[in-house]
A.B. asks: 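Have a look at the structure that comes next, please.
Small disclaimer: the values here were computed from a predicted structure and weren't measured. Counting begins at 1 with the first residue of the sequence.
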Amino acid sequence: MSIKKAISIILFLLVIASVRAQLINGNFEKYPVFDSCEQVSDAALKECFNQTLISKIKADFVIPQDIIDSSYSGDMVVLFEVTREGEFKIINVTAVSEALREALMRVFEKLPKIKPATYNGRPTYMQFSMPIPVPEGFQSESSNEEDNVSYGATPVEDLESEYDAIKTFPFKNREYDSQLYVPFSHQTYSRFDQEMNAVGTNAHTSSKPFLYTEVNNYYDFKQKRETLYKDKSSWFGRKLWNEHMVTLQGDDYWFTLDPAADLQLGFETADNEDQSFTYNNTRAVIFQGGLGSKLNFYTVFYESQGSFAGYYNRLARSIAPDGGNPAIVPGRGIAAEAADGNFDYPVAEAYLSYSPSKYFNFQFGHGKNFIGDGYRSLLLSDNASPYPFFKMSTKFWKFKYTNTWMSLRDVRSDVTENGSFRTKFMANHYLSFNATKRLNLGFFENVIWTNDNDRGFDLNYLNPIIFYRAIEFSTGSRGGNALIGLSAKYKFSDRFNAYAQVIIDEFSTGAVFSSNKSFQNKQGVQLGVKYYDAFNIENLQLQLEYNQVRPYVYSNNEIVLNYGHNNQSMAHLWGANFREFIAIARYQNDRWYGTAKAIYGKRGFELGAIDDVYYGGSIYGNDENIPSEFGIEIGQGNTANTLIGNIELGYIVNPSTNFKLYTNVLYRNHTIDQFDPVNFEESTVWVNFGIRTDIFNWYYDY
């Protein structure tokens, strides 16, 4: 890594510190304070103000005799203001008689001068509207009787000075009750995974990312996160350790703005690598908010440069797009060539989320989705780069039904048209059914098609309840590529559950159950278990997982109808033709956390170009080039074995933004039968130190 890059990273750290110290705080407004309320907390000021005011009005207000004689019963409404000097000033009284108006005005003339409201620590006026029931709760001119009655003053806007009267309120993390996603990070999701999987819950845990409103049914985000807050009174301390950087909130809107970062400095030891230092320099801005209770939005923009471990850099360059750019950083996006041969890769993600009722949620955005209860997914993973999508979720009774439509890109040179990347579309249905308090079943179907012959976006696939396999058949077998899948989860107890997935690319019972190992047996299987509070150690989570995908799954004879986007698999990151064992341990204590992961897998890579002989590891091959119709086995081709061990220890600096400090050590041992210029035999230790806003998953398990 060059001195210039190191200096830029250090300068960025200083900029973050400066921004945290200089950005203007959110708008905080404090209620007026009666003398008797001076010792109560800020949170209780509103209640104390109302109760004290009510008490004084009830003590001094006398109902005129003519109101008593007429047996009148109703409300009068007073609009008043507490001025910047702390004096009560009536603006208007709506009442049935002038006598009532005068009686109330006499009461307000007797009210004492109090401490005014404050806005960002400065005195300001505050206007209120207050209904007053008559004759309940007041003494008449001939009686001193008093009854209990509940009413209070509510801040209002003065229409004559509407701009000045617009009110903002202390920010209360309304994102926790919003229709926003909980950013999908395995480490973050492990914090509430046990609560979501308790026996008897009606949660649907496969379709990710989750909405905050979904998780809040089982896990109190506000309470859990605020228990991690540090007792900080200064603005800088609160922003660094507890809160969003900039906040704004009103009656029916809220916004937050945060700087974000993913800064890594590391080194690797590998026999075949000249490079020793690695780094990633990501600066980002996150803007999110809500308008009303049904509409929310989220956007984040990343500007990044980096150079990674040798095996990861070679992979990134091997999936480079057509057009001259040197690489695609896996999971992120297309990279340009930066100084010293490093990668420069900007990424942007955003979405709108709208819930018209408790049954429906609609999202439109540019991002990722995931289906499954495991670390991997064989149905739909967050392995690939972000993509445009529209998602509709319907939840009722014991069902959750998710429809997702996506626009993907094939960026290979052999499919590029007129200098533009090839567009293809993907649609899937996923039906989750909680059959019992313990058993969940999932049903998945997916179809991929292109815009060949001016077909465009096929309206047949807009139907959210249609059977895709039937549509694929009716529009022609070369008109689309359909896959189906099944998932299941069984909760043995609140501390132990098992999960599974099956993906079927080409269903042939003869091929599946035959002993001749036909190439038509295109299926994959996942089996896994989770153990919470393992061995009675609180917050220790253990996970074991097995994944197996036979050769040729996810590929297609039509060159662009594969299960990929930006030269990356939309399912398992290894593509096909592999089996894999994963063991994961996660532990958390207050803000500290630790993760240990071990992966061992057997894979079959291609021997040369897939256009010559296709062994089924890459998802971009053509079945017409297979070596044989029978005798197809996992690991065929250039057989490789990969062992990966990974340990990460970290500290969550700010729980509101998932900003953390961490160190990560990865060991990778890769052996292969024949030399491969990308996946050659090597043993690597990669050590990283960094700070990161943890809002997406990095996968280094290649």
Side-chain angles (χ1 to χ4, degrees), residues 181 183-186 207-209 300 302 304 306 308 312 315-322 325 327-335 343 345-351 363 365-372 374-391 404-412 415 421-428 430 444 446-450 481 483 485 501 503 505 524 526 547 549 553-556 559-576 578 580 617-621 678 695-702:
Y181 289 140
F184 183 40
S185 156
H186 288 299
S207 186
K208 297 181 177 74
V300 55
Y302 306 88
S304 305
F308 308 91
Y312 200 80
L315 172 67
R317 293 186 182 278
S318 72
I319 59 175
D322 183 41
N325 286 309
I328 293 177
V329 177
R332 306 310 295 143
I334 295 175
F343 302 137
Y345 59 104
V347 181
E349 297 185 55
Y351 65 90
Q363 304 105 38
H366 187 265
K368 303 183 185 182
N369 295 276
F370 187 100
I371 295 177
Y375 177 66
R376 311 287 201 203
S377 175
L378 306 185
L379 306 181
L380 181 66
S381 176
D382 61 335
N383 165 64
S385 305
Y387 47 82
F389 71 91
F390 177 76
K391 181 159 72 172
T404 312
W405 294 268
M406 293 154 275
S407 177
L408 308 180
R409 298 290 184 272
D410 196 323
V411 299
R412 295 171 293 160
V415 300
F421 298 139
R422 190 76 167 270
T423 299
K424 59 183 177 181
F425 304 103
M426 178 185 289
N428 66 49
Y430 182 70
F444 173 83
N446 173 282
V447 67
I448 305 163
W449 75 99
T450 69
N481 178 23
L483 297 88
Q501 284 186 345
I503 184 71
D505 193 352
Q526 178 186 87
N547 296 292
V549 177
V553 178
Y554 306 121
S555 63
N556 191 266
I559 193 167
V560 296
L561 297 183
N562 49 72
Y563 206 63
H565 166 62
N566 269 13
N567 287 343
Q568 302 152 87
S569 170
M570 290 290 287
H572 196 289
L573 51 78
W574 286 359
F578 70 87
E580 171 195 45
S618 169
I619 66 172
Y620 289 96
V678 176
I695 54 178
F696 67 90
N697 290 308
W698 272 112
Y699 293 108
Y700 298 123
D701 316 325
Y702 288 94

A.B. asks: Measuring from atom OH of Y620 to atom OG of S569, what distance do you get when rounded to the nearest 0.5 angstrom?
C.D. replies: 8.0 Å
A.B. asks: Is F425 close to W405 at the side-chain level, that is, under 4.5 Å between some pair of heavy atoms?
C.D. replies: no
A.B. asks: N446 and M570: side chain to side chain contact (heavy atoms under 4.5 Å, CB included), yes or no, with the steps?
C.D. replies: CA-CA 12 Å; N446 173 282; M570 290 290 287; over 6 Å; no
A.B. asks: Strictly under 6.0 Å, is that where the ring centroids of H565 and Y563 end up?
C.D. replies: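 Ring centres of Y563 and H565 not closer than 6.0 Å.
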A.B. asks: About how many Å separate CG of N562 and CG of L408, when rounded to the nearest 0.5 Å?
C.D. replies: 9.5 Å
A.B. asks: Kindly indicate whether the side chain of I328, heavy atoms from C-beta on, has any atom under 4.5 Å from the side chain of S385.
C.D. replies: yes
A.B. asks: Does I334 reach the side chain of F421, with side-chain heavy atoms less than 4.5 Å apart?
C.D. replies: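 Yes; the side chains approach each other to less than 4.5 Å.
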A.B. asks: Tell me, do N566 and P321 make a side-chain contact under 4.5 Å, heavy atoms counted?
C.D. replies: no
A.B. asks: Between L379 and G485, which heavy-atom pair has the shortest distance, and what is it?
C.D. replies: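 Looking at all heavy atoms of both residues, the shortest contact is CD2-CA, 4.1 Å.
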A.B. asks: A cation-pi test, strictly: NZ or CZ of R332 under 6.0 Å from the centre of the six-membered ring of Y302 and no more than 45 degrees from its axis. Yes or no?
C.D. replies: yes
A.B. asks: Does any N or O in the side chain of K208 come within less than 3.5 Å of the main-chain N or O of G372, such that one atom is a donor and the other an acceptor?
C.D. replies: yes
A.B. asks: Do the side chains of Y387 and M426 get nearer than 4.5 Å, heavy atoms only?
C.D. replies: no
A.B. asks: Taking the side chain as every heavy atom from C-beta outward, state whether V347 and P386 have any pair of such atoms under 4.5 Å apart.
C.D. replies: yes
A.B. asks: Check Y181, F696, F184, Y375 against F370 for a ring-ring contact (aromatic ring centres under 6.0 Å, His included) and give me the one that passes.
C.D. replies: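 Option passing the ring-ring contact (aromatic ring centres under 6.0 Å, His included) with F370: F184.
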A.B. asks: Just jot down the side chain to side chain donor-acceptor pair (under 3.5 Å) partners of R376, sequence neighbours excluded, or say none.
C.D. replies: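 Result, side chain to side chain donor-acceptor pair (under 3.5 Å) vs R376: H572, E580, D701.
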A.B. asks: Can any side-chain N or O of H186 pair as donor or acceptor with the backbone N or O of N697 at less than 3.5 Å?
C.D. replies: no
A.B. asks: Just how far is it from atom OG of S377 to atom CG of N369, taken to the nearest 0.5 Å?
C.D. replies: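 Going from the OG atom of S377 to the CG atom of N369 covers 11.0 Å.
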A.B. asks: So, for K391 and P209, which heavy atoms are closest and what is the spacing to 0.1 Å?
C.D. replies: NZ-CD, 4.4 Å
A.B. asks: State which residues pass side chain to side chain contact (heavy atoms under 4.5 Å, CB included) with P183; sequence neighbours excluded, sorted by chain then number.
C.D. replies: Y212, I695
A.B. asks: Any side-chain donor paired with an acceptor under 3.5 Å for D382 and Y699?
C.D. replies: yes
A.B. asks: Just verifying a value: how many Å separate I619 CD1 and Q568 CD, rounded to the nearest 0.5 Å?
C.D. replies: 9.5 Å
A.B. asks: Heavy-atom distance under 4.5 Å between the side chains of V549 and Y554, does that happen here?
C.D. replies: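 V549 reaches Y554 side chain to side chain.
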A.B. asks: For the residue pair W574 and F578, categorise the inter-ring angle as parallel (less than 30°), tilted (30 to 60°) or perpendicular (more than 60°).
C.D. replies: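 Plane angle over 60°, so perpendicular.
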A.B. asks: Would you give the length of the straight line joining atom CG of L573 to atom CG of N547, rounded to the nearest 0.5 angstrom?
C.D. replies: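 Nearest 0.5 Å value for the CG-CG distance: 9.5 Å.
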A.B. asks: Rounded to the nearest 0.5 Å, what's the gap from NZ on K424 to CD1 on I448? Could you check?
C.D. replies: 6.0 Å
A.B. asks: Might you point out which heavy atoms bring P330 and Y702 nearest each other, and give the distance in Å?
C.D. replies: CB-OH, 3.5 Å
A.B. asks: Do you know the tightest heavy-atom contact between G306 and Y345?
C.D. replies: N-CE2, 4.2 Å
A.B. asks: Any idea how F308 and Y700 line up, ring-wise: parallel (<30°), tilted (30 to 60°), or perpendicular (>60°)?
C.D. replies: tilted
A.B. asks: Check whether Q501 reaches the backbone of I371 with its side chain - one donor and one acceptor, N or O, closer than 3.5 Å.
C.D. replies: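 Yes.
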A.B. asks: Run the side chain to side chain contact (heavy atoms under 4.5 Å, CB included) test on D505 and N481 for me, step by step, so that the C-alpha distance in whole Å, both residues' side-chain angles and the decisive distance to 0.1 Å come before the verdict.
C.D. replies: CA-CA 9 Å; D505 193 352; N481 178 23; 3.8 Å; yes
